[in-house]
Amino acid sequence: MPNVTASSAAADLADLIRAIDAGRPCLVVAHSMGGVVATAVAELAPTRRP
């Protein structure tokens, strides 16, 4: 079983959002350690503007 880190979880979530968002806005809500992952996702995939 691979080790899961905040960085790897953020990368996986960012990939998933890109795969399913179809260009639509996406809101990520988290608490506790999920907040660390959500913040990392925001750094990996900042707000896109047309």
Side-chain angles (χ1 to χ4, degrees):
M1 182 172 181
N3 290 332
V4 177
T5 65
S7 295
S8 68
D12 289 346
L13 181 56
D15 289 343
L16 180 61
I17 290 169
R18 282 187 208 100
I20 65 173
D21 81 345
R24 296 181 306 239
C26 178
L27 178 65
V28 175
V29 178
H31 66 89
S32 192
M33 284 301 291
V36 173
V37 174
T39 301
V41 169
E43 292 174 355
L44 290 173
T47 302
R48 291 176 286 169
R49 299 198 186 267

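Residue pairs satisfying the side chain to side chain donor-acceptor pair (under 3.5 Å) criterion with at least one member in residues 4-16, sequence neighbours excluded, are listed as follows: T5-S8, D15-R18.
In this structure, CG in L16 is found 8.5 Å from SG in C26, a value given to the nearest 0.5 Å.
A10 approaches V41 most closely through the heavy-atom pair O-CG2, 3.4 Å. Heavy atoms only, all atoms of each residue included: A30 and G35 are closest at CB-N, 3.6 Å.
Side-chain contact between V37 and V28: absent, with no pair of heavy atoms (C-beta onward) separated by less than 4.5 Å.
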